Every structure is written in C-alpha cells, then in structure tokens.
Amino acid sequence: MSVAMKKNDQQILWRDDFPIFANKMNNKDFIYFDTASSAQKPNAVLNAIQAAYTNHYANVHRGLYQYSQQQTALFEAVRDKVKKFIGAPDSYAVVFTRNTTEAINLVAQCWGRTYLHQGDEVILSALEHHANIVPWQMLQNKIGFDIKVVPLNDSGHIDLETLKSLLGSKTKLVALNHISNAIGSILDVERVRAMMDEHAPQAKFLVDGSQSVPHMKLNLAHFAPDFFVFTGHKLYGPNGVGCLVAPVELLNALPPYQGGGDMIERVSFTGTTFQNAPARFEAGTPVIAEVIALGAAIDYLTSIGMEVVEACEKDLLAYLLEGLKNIDGLSIIGPQGVEGRAGIISFVMNNAHPSDIAMVLDQMGIAVRTGHHCCMPLMESLGVEGTVRVSLGIYNTKDDIDLLCEALKKVARMFA
Ligand code: ALA
C-alpha cells in the first residue's frame, strides 16, 4: 500500500479528525499508543453523540411522536451497519450489550447455563483476556464441566495442533480471541472453523473480535462463528456499547439475559412471554446516543475503507518493529515479525520495570499501557510479570514511532 509508505501523509489527515490531538500531555505533543485499551474518538462520533442529545432526543421503541420515531430509526439502523461492516450473514442478529465483557457473560449465562453439563468440555487458550476466562470459570463452579486450555506455540500463536488434538465429542464450546490484546497474535479463524467442522461439529465457536474489528476487513461468513463479540470503544466509538452477533435462530432458542422493559412480549402475574432476538436480550432503556455514535464510527471507518486501514497499520507496524530492533536490551514478547500479528507489541527491557518505562514515556507526552493487560495466565505462561504494550491506531504516524524509539533509547541509557 503506497499511501502509508510516504511518511505520515495519510495518518496526519486522519489524525486531524481527532480533536484530542490538539492537546498537550505534560506540555508535549500528545502521542497515543494505547488504542488496544480504548481508541480516541473522531469528530464524526463526537458530533453524532451531540446530535442525538440535542437535535432529536427521545427514548426509543416507546413513542409515537416524531422524535422518538426518528431516534428509533437511527438506533435500529446501526444493527445493519454492524452486520455489513463485519460481513455477518443475513441470518445473524446484532444484540447491543455494554461491551465485550457483557456479551461474553450473556453467552455464558444464557447459552452456557442451558447447554453445558458435567462432563462437557470448553476449550479456551492461554492467550485469552480475563473476560473470556472468568465467566466460564464462574459457570464451571456451578455446573462442573471441564475447561481445557490450548497453550501457545513457539511463534506466540495459539497452538492449533494441540487445539486439534483436544477437539472431540465432549467439546461443547471453543472460545478464542481473534487478535491477542496483549501480544498481537492473529488467530487463523478459518482454520479453526474447518478443524471444528471436522472434529467437533456439535461445538459452538465463540470469537472475541475486540481487537480485530477495528483493524482489519472482516467477513464473518468465512468462519461462521456461532457467537461473535466486540466492543465499540476500541472501534473509535463511544463507551458503553458492544455487540453480540449470532445466528438469530440460535439466539431465539436461548432464555433471556435480564428481565425488564423492551424484552417482553406480554407480562402478567400468571406468566410472561418474551420477544425474539435481539430485543429478547436488551432489557431496559439502552444507551441510545452511544449506539447511534457507534454507527457513526462505522460510517467513518467505512469511508476510509478497512483494507486501507489494515494496509496503513501494517506499514506502521513494520516501521515500529524495525525501530524497536535498535533499542538496547529490548525484547519483544510474542510474534517477532509482521506476519501473523497486528499492531499490538508487548516488550520488556533489561533492568527497567515496565512501570518505570511508562512513567518516563509519560513525561515525554507518550501514552502506552503496562502490566498484565487483563491476561494474567498469559503473563504466567510467558514467565513475565507484565510488559510495556504499544498499540497502533489510524492516527499514529511514523513521526510518533521515531519519537517513541528516541524515548526508549533514553530509557535504555537511564537503566543501563
Ligand atoms: N482489554 C483492554 C486492553 O487490552 C482494556 O487494554
């Protein structure tokens, strides 16, 4: 992709869409390398929130007056935007949740409680975020099924040969992240789907797309997940809204998640009936402006093109990996090259604790994340307490990377 080969031009254009970059942090130009934690927000998203509250604010699904109808239409249209953006087949429905964590808890409580039994096996991996471990453990304590954990291979990816050997008639669920939030490894989801079809066709496939949806062109039809989850705030959208995307028939066969308004068909003290999906899982007034603004984030990214985003970030990633090679005592944890990894790089440095590195960078206006990245079992299996994590977004430039590398050279000298 030639556009990102030119130093910075494209990203500078996009960066201008994000008002936060007019600010200084510690009196320095603000450089943000923590998009994997939460992405910054473009004007398109901020304006959509403002408009939803100021131009036609009303509750959705509840009013016959113009503003409520208008707000409902804008809100409901986002489901189709989501489906188109991730290539979800027509037979899929989009349920709005609070975030990825809530989407996985919904699957655990509604599908897991109904269909998992003692003796069943749930397959996770050593790369999972706590959000894709703890809900299953909580349920395991009640039901008594087994959790099998696929380790990493030498390249820092989920070991697919071990996964294959674990698949069998007892497997009821394979729940894996698409891109590791901690070390950036990309999972070959098509291959996992094919292996499951062959060795455990009865099992459901849950894919956590939190780190893939914002950074790559997706086509769910290619790997047909039974449950696909992601969050809006990492997609340059607002906080408080995430999605569970699943075949509507599968969702309609599940009991509701929470009870309340909007999810019912008819309520009486002799018995209550429920709506079909997605309303069945959306009790109470939803986060209306945030859902509409998630639609604005999707429109914004679509106007750039996810192929372009992916190519530009890959170019930045290659530049970053090259730059990090020149820092004394720095070791990248996880995949070493550009292939099979996304723009999330974890590293440690000789003699320097990750928190000390982050504090020095902060003084230079550079934001990174440090610690276990909500992946304590992964850190344990890697034999580290924590790492420094640099994660890329569409607003990062090669100049940002040059400044980061200069700052890390200073850290290396300070802690030599
Ligand atoms: N899951 C988010 C991260 O990786 C919070 O930083």
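Keep in mind that what you see is a predicted model, and the values were worked out from it rather than measured. Each ligand, and each atom within it, is numbered from 1 in the order the structure gives.
Residues H215 and E313 bring a donor and an acceptor atom of their side chains to less than 3.5 Å of each other. Looking only at atom types and distance, the side chain of D400 has a donor-acceptor partner in the side chain of T397 under 3.5 Å away.
Under 4.0 Å is where a charged nitrogen must lie from a carboxylate oxygen, and between R15 and D399 no such pair does.
Using cut-offs of 30° and 60° for the angle between ring planes, the F30 and Y32 rings count as tilted. Classification of the H61-F75 ring pair by plane angle, with boundaries at 30° and 60°, yields perpendicular.
In this structure, A36 has a heavy atom closer than 4.0 Å to ligand 1.
Taking the six-membered ring where the residue is Trp, the centroids of Y395 and F21 are separated by under 6.0 Å.
Short contacts between ligand 1 and S37, defined as distances under 4.0 Å to a heavy atom of the residue, involve ligand atoms 2 (C), 3 (C), 5 (C), 6 (O). Near R389, the atoms of ligand 1 lying under 4.0 angstrom from a non-hydrogen atom of the residue are 3 (C), 4 (O), 6 (O). Contact atoms of ligand 1 toward H129: 1 (N) (distance under 4.0 Å to a heavy atom of the residue). Taking every non-hydrogen atom of N181 and a distance limit under 4.0 Å, the qualifying atoms of ligand 1 come out as 1 (N), 3 (C), 4 (O).
What sits closest to atom 2 (C) of ligand 1 on the protein, heavy atoms only, is K234 NZ, 2.9 Å.
When H373, H372, R369 are checked for heavy-atom proximity to atom 3 (C) of ligand 1, R369 turns out nearest.
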